[in-house]
Amino acid sequence: MTREGEPGPRYAHRADNKRVAYEETGAPDGFPVFLMHGTPGSRRGPKPRGIVLYRMGIRLIAYDRPGYGDSERFEGRDVADAARDVEAIADQLHLDRFAVAGRSGGGPHALACAADERLHGRVSRVAVLVSLAPSDATGLDWFDGMNTDNQRGFGAERPDTDAVVEEIRQRAARAAEDPRFLLRELMTQMGLPDRRAINDAALRGIIFDTYQEALRTGPYGWIDDVLALRRNWKFDLDAIDTRATPVRLWHGAEDTFAPASHGRWLAERIPGAEIEVQPGAAHFDAMQQLPRILRWLSEAGTPVNSDVLIGAQPGQ
């Protein structure tokens with residue numbers, strides 16, 4: 001399914017022959033950057049406009065994780081399996097070198113690419129925005145500071161797998177009956193910083209669209225994402241060599257969807273990782289940060305410029 005006037009997705013096949021759907025925007029000959037969407041989400045999630053990416057010299061590649069949108073389901077997948085998705089697309093596009101960005105539920109999947117041995121030498125940099133930490137993170141109260149909706153969705157009250165799956169199925173069914181249900185539910189969980197960030201009709205339209213595409217063939221991508229995030233990620237954070245693949249994390253201090261304590265925990269466990277926690281910002285401020293983060297990913301050796309951070313505007 002595509003927006004009117006837009007080309008449809010392209011497809012790559014993993015070694016297990018599972019089909020993965022992806023789209024490219026920006027400069028065709030620009031520096032390639034993979035963008036990992038949130039949970040639930042799809043390749044059509046928020047991103048800078050094509051003309052902005054073109055001017056930045058970035059070739060942005062967004063794909064549907066298995067079970068979402070047009071990608072074939074891979075039941076039982078782990079977070080680490082995202083590296084095989086990226087490898088399949090990169091091989092099809094003949095990409096020797098590329099960067100990876102992950103937002104929210106896409107953050108752990110981006111880190112999987114940094115840790116993956118088969119991608120060593122190919123992943124230049126990784127950026128992670130408002131990511132969750134592993135559910136078994138030692139020394140972290142995983143649900144502390146998280147809103148009630150996300151706590152329920154990840155099984156804080158009913159942690160058994162069947163209950164978590166049923167919760168997602170019910171919410172997906174309501175979204176199928178009322179396409180704006182998830183967006184309305186999302187907005188009830190927002191604090192003031194997130195309400196400011198999402199006070200844009202165009203951005204709300206994009207979020208609505210990405211949810212529709214994510215669940216178009218059912219709740220399976222969402223279910224598999226949550227189950228994968230809840231169990232062992234199947235890679236070691238300390239296996240990430242930030243000398244070869246620099247890692248940068250960004251988090252809003254007021255985030256209630258993925259609390260900033262998660263980002264701090266990740267930064268402490270990834271040797272050499274850099275983290276920026278912005279006061280007064282929250283989960284959806286990550287949209288505003290993306291252009292600046294993409295610039296860092298595409299320009300090796302360029303230091304963080306706080307002036308660029310302050311000056312960035314939504315939708316750039």
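Sequence positions, counted from 1, serve as the residue numbers for this chain.
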Less than 4.5 Å apart, any side-chain heavy atom of [X] and any of [Y]?
X      : Y      : value
Asp116 : Phe235 : no
Leu294 : Lys47  : no
Thr161 : Leu227 : yes
Pro259 : Phe143 : no
His262 : Trp142 : yes
Phe208 : Arg180 : yes
Asp241 : His120 : no
Leu186 : Phe284 : yes

TODO: Please collect all side chain to side chain donor-acceptor pair (under 3.5 Å) contacts where either partner lies in residues 89-114, sequence neighbours excluded, each pair once.
DONE: Tyr22-Gln92, Asp91-Arg122, Ser104-His283
With clusters defined by side-chain heavy atoms of hydrophobic residues (ILVMFWY) lying less than 4.5 Å apart, directly or transitively, does [Y] cluster with [X]?
X      : Y      : result
Trp222 : Phe74  : no
Ile58  : Tyr54  : no
Leu95  : Ile89  : yes
Val126 : Val277 : yes
Val20  : Tyr220 : no

Open item on the list: Run Ile270 and Leu111 through side-chain contact (heavy atoms from CB on, under 4.5 Å) and show every step you take.
Closed with: CA-CA 10 Å; Ile270 303 172; Leu111 291 173; 3.8 Å; yes
- [ ] Only one of Lys18, Arg43, Arg65, Arg14 passes salt bridge (Lys or Arg N to Asp or Glu O under 4.0 Å) with Asp85; say which it is.
- [x] Arg14
Between the main-chain N or O of [Y] and the side-chain N or O of [X], is there a donor-acceptor pair closer than 3.5 Å?
X      : Y      : answer
Thr210 : Ser42  : yes
Thr242 : Pro271 : yes
Arg264 : Ile275 : no
Asp194 : Gly191 : no
Arg174 : Leu182 : no
Asp255 : Ala260 : no
Lys234 : Val79  : no
Ser298 : Arg295 : yes
Asp200 : Ala202 : yes

[atom1] ([X]) with more than 12 external heavy atoms under 6.0 Å:
X      : atom1 : answer
Phe181 : CZ    : yes
Arg243 : CZ    : no
Arg158 : CZ    : no

Could you grab the distance from atom [atom1] of [X] to atom [atom2] of [Y], nearest 0.5 Å is fine?
X      : Y      : atom1 : atom2 : value
Tyr211 : Tyr68  : OH    : OH    : 9.5 Å
Met146 : Asp141 : CE    : CG    : 9.5 Å
Arg152 : Glu167 : CZ    : CD    : 5.0 Å
Arg49  : Arg55  : CZ    : CZ    : 8.5 Å
Thr148 : Glu157 : OG1   : CD    : 8.5 Å
Arg73  : Asp64  : CZ    : CG    : 15.0 Å

Minimum-distance pair of heavy atoms, taken over all atoms of [X] and [Y]:
X      : Y      : value
Ile240 : Ala114 : CG2-CB, 3.9 Å
Ala101 : Ala110 : C-CB, 4.0 Å
Ala83  : Cys113 : CA-SG, 4.0 Å
Ser71  : Ala21  : OG-N, 2.8 Å
Pro48  : Leu53  : O-CD1, 3.5 Å
Pro193 : Ala282 : CB-CB, 3.7 Å

TODO: Apply salt bridge (Lys or Arg N to Asp or Glu O under 4.0 Å) to Arg77 and list each qualifying residue two or more places apart in sequence or on a separate chain.
DONE: Asp225
Open item on the list: Can you confirm if the NZ or CZ of Arg230 lies within 45° of the ring axis of Phe154 and under 6.0 Å from the centre of its six-membered ring?
Closed with: no
Charged N-O contact under 4.0 Å between [X] and [Y]:
X      : Y      : value
Arg292 : Glu276 : yes
Arg196 : Asp285 : no
Glu24  : Arg59  : yes
Asp16  : Arg84  : no
Arg44  : Glu23  : no
Arg118 : Glu87  : yes
Asp70  : Arg19  : no

Open item on the list: Using the side chain to side chain contact (heavy atoms under 4.5 Å, CB included) definition, which of the options Leu203, Leu290, Leu35 pairs with Pro46?
Closed with: Leu203
TODO: Compute whether any side-chain donor of one residue and acceptor of the other, for Gln189 and Glu185, lie under 3.5 angstrom apart.
DONE: no
Task: Ser261 and Asp144: CA distance, side-chain angles, deciding distance, side-chain contact (heavy atoms from CB on, under 4.5 Å) verdict - done: CA-CA 9 Å; Ser261 56; Asp144 184 42; 5.8 Å; no
- [ ] Take Val130 and Trp250 through the test side-chain contact (heavy atoms from CB on, under 4.5 Å) and record every step on the way to the result.
- [x] CA-CA 6 Å; Val130 296; Trp250 182 92; 3.7 Å; yes
Open item on the list: Apply side-chain contact (heavy atoms from CB on, under 4.5 Å) to residues Thr39 and Leu132 and explain how you reach the verdict.
Closed with: CA-CA 11 Å; Thr39 301; Leu132 293 165; over 6 Å; no
